[in-house]
Asker: 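Can you read through this structure? Questions will come right after.
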Amino acid sequence: MINSVGVVRKEAENCNCLQEQCRLSFRFNILFDCSFFVSGSFKVDSVEAKKKEENFRETLRDMANSKYEYVKSFELEDEVMLPNLMVVRIDGRDFSRFSQVHEFEKPNDETALNLMNSCSAAVLEEFPDIIFAYGYSDEYSFVFKKTSRFYQRRASKILSLVASFFAAVYVTKWKEFFPQRKLLYAPSFSSKVVSCASAEVLQAYLAWRQQDCHANNQYDTCFWMLVKSGKSVSETQEILKDTQKQQKNELLFQKFGINYKTLPELFRQGSCLFKKKVEETVKHDENGNPVKRLRRKAVFVHSENIAGRSFWNEQPSLYNDLGHFTKDIGKIEPDFIRSFQFENKLLPLTWVVVRIDGCHFHSGCSRGV
Ligand code: GTP
Ligand code: MG
């Protein structure tokens, strides 16, 4: 018991954090009383000791009353303030290994990309505040409507919900897309919230992601064609070093007879997903004629320039909820890109605790009953 008292006292003395609990323990000088708390069997006989015990209980009551304030200090102040638009980007973690282990085709595996798209469609269904999604390779960006109050716009909650849901759907749907292949381990996705101060910033963000898709795909296509033709990896890297887009197009055409522009849009442009009004047959009348109605349905669209005015401003579901694009952009502002790449890091030398908490877990449990 003496040892426990010693440890508690020492930690409290050394503690210079500003947590409510520590401040209270100093204010009420409860160092001695901690022994009671720690041992749970401390005998209180003398009047002096009884007084101390009463003080201690009062302190505990005070601490309980301040519990709300105390717990609040654990919560991050990370609300994405209005009128910023919220974008959640998820990215497969070490997906190079995942695609290798699962023998994905190089550089693009159509089935794997379709699985990613199917997961993203499930995300749109699960979170109706998401208006637009864009993805390629192992990443997807989800754009929330301007007025969204989803989880009080708390970035840390929103990104964890989207990433965990996406990964869970990926695992669930694996068999549907790869019936003959075993999923050897579950993929995980990192996620971040990018906050866009205006439609113009969102436009720059989308242009940035699509340019990345294009540049990576062009490089990877050249890379794997050269490797398949017998070049070593280091030779290939040397050939492609510092080459411009045009040079890569020429290399593909001259060496392999490939016109880059004719490769599938899914690989070159990535995939967009948003709700569109589509005509659907809801029933047939007495003469057997189809009765059609306009319905809002999430559809996949490929477009060469998803950040272009001509694409965006033609889609009411996009400009109504996210705003119009007023002009076309050429070069993306480097400062914008720096802001999109900003990483929120935890303070050094602090304990890191990760808490996971099931979302709507009760419904999942009761289904099995
Ligand atoms: P981190 O994201 O930093 O954890 O690393 P990463 O390995 O996931 O790399 P990154 O996200 O930069 O790039 C995605 C990688 O996934 C690509 O470089 C490919 O190696 C792999 N990948 C994605 N889609 C496909 C595919 O369809 N086929 C193959 N073969 N590989 C793919
Ligand atoms: Mg990745």
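In listed order, ligands and their atoms are each counted from 1.
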Asker: Phe340 and Trp208: aromatic ring centres closer than 6.0 Å?
Answerer: yes

Asker: For atom 1 (P) of ligand 1, what's the nearest protein heavy-atom neighbour? Residue, atom name and distance, please.
Answerer: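 I find the closest protein heavy atom is Asp94 N, 3.7 Å.
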
Asker: Might you check, step by step, whether the distance between atom 3 (O) of ligand 1 and some protein heavy atom is under 4.0 Å?
Answerer: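 No.
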
Asker: Tell me which N, O or S atom from Asp91 is the closest to the Mg ion (ligand 2).
Answerer: OD1

Asker: So which protein heavy atom does atom 17 (C) of ligand 1 come closest to, and at what separation?
Answerer: Ser137 OG, 4.3 Å

Asker: Check Asn117, Asp212, Asn217 against Tyr136 for a side chain to side chain donor-acceptor pair (under 3.5 Å) and give me the one that passes.
Answerer: Asp212

Asker: For ligand 1, note which part of Asp109 has a heavy atom under 4.0 Å away: side chain, backbone, both or neither.
Answerer: both

Asker: Pick out which of Phe95, Phe178, Trp174 makes a ring pair (Phe, Tyr, Trp, His ring centres under 6.0 Å) with His102.
Answerer: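 So, applying the ring pair (Phe, Tyr, Trp, His ring centres under 6.0 Å) to His102 and each of Phe95, Phe178, Trp174, only Trp174 qualifies.
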
Asker: Determine whether the aromatic ring centres of residues Phe267 and His302 are separated by less than 6.0 angstrom.
Answerer: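 When the ring centroids of His302 and Phe267 are compared, they turn out to be at least 6.0 Å apart.
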
Asker: Closer than 2.8 Å to the Mg ion (ligand 2): does that hold for any N, O or S atom in Glu139?
Answerer: no

Asker: Give a yes or no on this: more than 12 heavy atoms of other residues, nucleotides or ligands lie within 6.0 Å of atom NZ of Lys192.
Answerer: yes

Asker: At the 4.0 Å heavy-atom cut-off, does Leu113 count as touching ligand 1?
Answerer: no

Asker: What residue and atom, counting heavy atoms only, is the protein's closest point to atom 26 (C) of ligand 1, and at what distance?
Answerer: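 That would be Pro107 O, 3.4 Å.
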
Asker: Note the single closest protein heavy atom to atom 13 (O) of ligand 1, along with its residue, its atom name and the distance in Å.
Answerer: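 So the nearest neighbour among protein heavy atoms is Asp138 OD1, 4.0 Å.
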
Asker: Measuring from atom 8 (O) of ligand 1, which candidate in Phe95, Phe189, Tyr219 has the nearest non-hydrogen atom?
Answerer: Phe95

Asker: Counting heavy atoms only, which part of Glu105 comes closer than 4.0 Å to ligand 1: side chain, backbone, both or neither?
Answerer: backbone

Asker: Is the distance between the ring centroids of Tyr205 and Phe336 under 6.0 Å?
Answerer: no

Asker: Can you check whether Tyr134 and Phe132 have ring centres sitting under 6.0 Å from each other?
Answerer: no

Asker: Does Arg93 put an N, O or S atom under 2.8 Å from the Mg ion (ligand 2)?
Answerer: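 Within the cut-off used here (under 2.8 Å), Arg93 places no N, O or S atom near the Mg ion (ligand 2).
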
Asker: Within ligand 1, which atoms have a heavy atom of Lys106 less than 4.0 Å away?
Answerer: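 The atoms of ligand 1 under 4.0 Å from a heavy atom of Lys106 are 30 (N).
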
Asker: Quick test: of every protein heavy atom, which one is nearest to atom 21 (C) of ligand 1, and how far off is it to 0.1 Å?
Answerer: Ser99 OG, 3.4 Å

Asker: Could you say whether the N/O atoms of Arg97 and ligand 1 ever approach to under 3.5 Å?
Answerer: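 Checking ligand 1 against Arg97, no N or O pair falls under 3.5 Å apart.
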
Asker: Side chain, backbone, both or neither: which part of Ser190 has a heavy atom under 4.0 Å from ligand 1?
Answerer: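 It is neither; nothing of Ser190 touches ligand 1.
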
Asker: Counting only heavy atoms not in Arg293 (residues, nucleotides, ligands), do more than 12 fall under 6.0 Å from its CZ?
Answerer: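 No, because the 6.0 Å sphere around CZ of Arg293 holds 12 heavy atoms or fewer from other groups.
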
Asker: With a cut-off of under 6.0 Å to the ring centre and 45° to the axis, is Arg97 in cation-pi contact with Tyr185?
Answerer: yes

Asker: Could you check atom 7 (O) of ligand 1 against the protein and tell me its nearest heavy-atom contact, residue, atom and distance included?
Answerer: Ser96 OG, 2.4 Å

Asker: Is Arg93 close to ligand 1, meaning an N/O of one under 3.5 Å from an N/O of the other?
Answerer: no

Asker: Checking only N/O/S atoms, does Asp138 have one that is under 2.8 Å from the Mg ion (ligand 2)?
Answerer: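 Here the distance criterion (N, O or S atom, under 2.8 Å) is met by Asp138, so yes.
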
Asker: For Phe274 versus Ile131, what's the shortest heavy-atom pair and its separation?
Answerer: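 In terms of heavy atoms, the two residues are closest at CB-O, 3.4 Å.
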
Asker: Short list, please: which atoms of ligand 1 are under 4.0 Å from a heavy atom of Asn108?
Answerer: 27 (O)

Asker: Could you report the tightest heavy-atom contact between Ser191 and Ala163, atom names first, then the distance?
Answerer: OG-CB, 3.6 Å

Asker: Take atom CD of Glu103 as the centre, draw a 6.0 Å sphere, and report whether it contains more than 12 heavy atoms from other residues, nucleotides or ligands.
Answerer: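 No.
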
Asker: Between the main-chain N or O of Thr243 and the side-chain N or O of Lys248, is there a donor-acceptor pair closer than 3.5 Å?
Answerer: yes

Asker: Near Gly92, which atoms of ligand 1 are under 4.0 Å from a heavy atom of that residue?
Answerer: 1 (P), 2 (O), 4 (O), 8 (O)

Asker: Side chain, backbone, both or neither: which part of Ala112 comes within less than 4.0 Å of ligand 1 when only heavy atoms are counted?
Answerer: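 The answer is neither; Ala112 stays 4.0 Å or more away.
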
